[in-house]
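Right, one structure below, let's go through it.
When reading the values below, keep in mind they use all heavy atoms of this one structure, side chains included, and skip hydrogens, waters and symmetry mates.
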Amino acid sequence: MWKQVVLYGALLAIGTFALQALEYRLLARTHTGELYLFWVALGFLALGVALGTQLVGRRAPPDAADGNPQAQASLGISPRELTVLKELAAGYSNKEIALRLNVSPHTVKTHVTHLFEKLGAKRRTEAIRKARELGLVP
């Protein structure tokens with residue numbers, strides 16, 4: 001029983017392959033120019049993707065994204081406070097930061113207060129300036 005099923009399956013596969021080959025030959029004869037144009041376009045697409053990933057796909061150095069871990073550790077700035085500091089440097093208000101981080105505005109105020117104490121700053125602009133000098137934020 002299994003031999004017959006495999007034999008019929010093989011015959012159907014061979015027949016399908018033969019029909020596809022005939023259809024391709026017909027297509028190749030009637031649309032030769034379009035097929036050549038398709039292959040050239042496909043080649044240029046692959047070349048463009050390869051060059052694009054080499055030229056544009058370069059990433060920033062990891063130090064710029066992570067900030068200055070030594071300064072962060074010496075000041076005792078937590079990862080969450082660093083996130084809030086980056087949002088401050090981006091120019092967001094406390095309410096906007098709270099919405100972006102899914103916390104309450106009071107929590108953001110607490111983090112900002114702690115950051116002011118740790119950085120020795122009295123204002124946002126002073127805290128951001130000191131953080132940039134230390135390399136904590138870009």
Side-chain angles (χ1 to χ4, degrees):
M1 170 92 176
W2 285 103
K3 288 181 182 180
Q4 288 178 342
V5 170
V6 171
L7 180 65
Y8 288 137
L11 288 174
L12 286 173
I14 291 170
T16 303
F17 179 73
L19 287 174
Q20 290 293 325
L22 288 173
E23 184 179 336
Y24 175 74
R25 285 182 55 198
L26 176 64
L27 177 71
R29 285 185 186 171
T30 58
H31 300 288
T32 305
E34 288 90 352
L35 284 174
Y36 288 137
L37 185 62
F38 169 76
W39 288 111
V40 169
L42 193 64
F44 277 112
L45 174 68
L47 180 66
V49 169
L51 287 175
T53 56
Q54 291 295 319
L55 298 175
V56 181
R58 295 188 180 130
R59 295 183 181 165
D63 296 337
D66 294 339
N68 185 349
Q70 292 84 13
Q72 181 183 350
S74 68
L75 292 172
I77 296 176
S78 70
R80 191 58 159 186
E81 289 172 343
L82 184 62
T83 304
V84 171
L85 183 60
K86 288 179 181 179
E87 296 291 321
L88 282 175
Y92 293 109
S93 69
N94 287 353
K95 288 182 181 179
E96 291 171 327
I97 295 170
L99 286 172
R100 291 171 63 87
L101 300 179
N102 292 326
V103 295
S104 73
H106 180 71
T107 303
V108 174
K109 284 183 183 180
T110 303
H111 287 311
V112 170
T113 303
H114 290 161
L115 285 167
F116 285 174
E117 291 172 4
K118 292 176 181 180
L119 291 169
K122 294 182 181 179
R123 295 183 187 90
R124 287 174 177 253
T125 54
E126 187 180 357
I128 293 168
R129 182 183 51 80
K130 287 184 177 184
R132 286 191 175 137
E133 287 174 359
L134 293 169
L136 293 170
V137 293

Supply the atom-to-atom distance Leu115 CG to Ser78 OG, rounded to the nearest 0.5 angstrom. 7.5 Å

Tell me the closest heavy-atom pair linking Lys109 and Asn94, and the distance in Å. CG-ND2, 3.5 Å

Between Lys86 and Leu82, is there a side-chain heavy-atom distance shorter than 4.5 Å? yes

Rounded to the nearest 0.5 Å, what's the gap from CD on Gln4 to CG on Leu11? Could you check? 11.5 Å

Looking at residues at least two apart in the chain, or sitting in another chain, which of them share a side chain to side chain contact (heavy atoms under 4.5 Å, CB included) with Leu45? Leu42, Val49

Can you give me the closest heavy-atom contact between Ala127 and Leu119, atom names plus distance? O-CD1, 3.6 Å

Close side-chain approach of Leu75 and Leu136, heavy atoms under 4.5 Å: yes

Quick one, Arg124 and Phe116 - any side-chain contact, counting heavy atoms below 4.5 Å? yes

Any chance you could measure Lys95, atom NZ, to Ser104, atom OG, to the nearest 0.5 Å? 12.5 Å

Between NE2 of His111 and NZ of Lys118, what distance do you get to the nearest 0.5 Å? 9.5 Å

Residue pair Thr125 / Arg129, side-chain heavy-atom distance below 4.5 Å: no

Enter the distance from Leu134:CG to Ser74:OG here, rounded to the nearest 0.5 Å. 7.5 Å

Out of Leu88, Val112, Thr83, Val103, which one pairs with Ile97 under the side-chain contact (heavy atoms from CB on, under 4.5 Å) rule? Leu88

Does Arg100 pair with Glu96 as a salt bridge, N-O distance under 4.0 Å? no

Measure across Glu126 and Lys122 and return the closest heavy-atom pair with its distance rounded to 0.1 Å. OE1-N, 3.1 Å

So how far is it from Leu85 CG to Arg132 CZ, rounded to the nearest 0.5 Å? 9.0 Å

Could you check whether any side-chain N or O of Lys130 sits under 3.5 Å from a backbone N or O of Gly120, counting only pairs where one atom can act as donor and the other as acceptor? yes

If you define the side chain from C-beta out and look only at heavy atoms, does anything of His114 sit under 4.5 Å from Val84? no

Scan side-chain atoms only and decide if Thr113 and Thr110 contain a donor-acceptor pair under the 3.5 Å cut-off. no

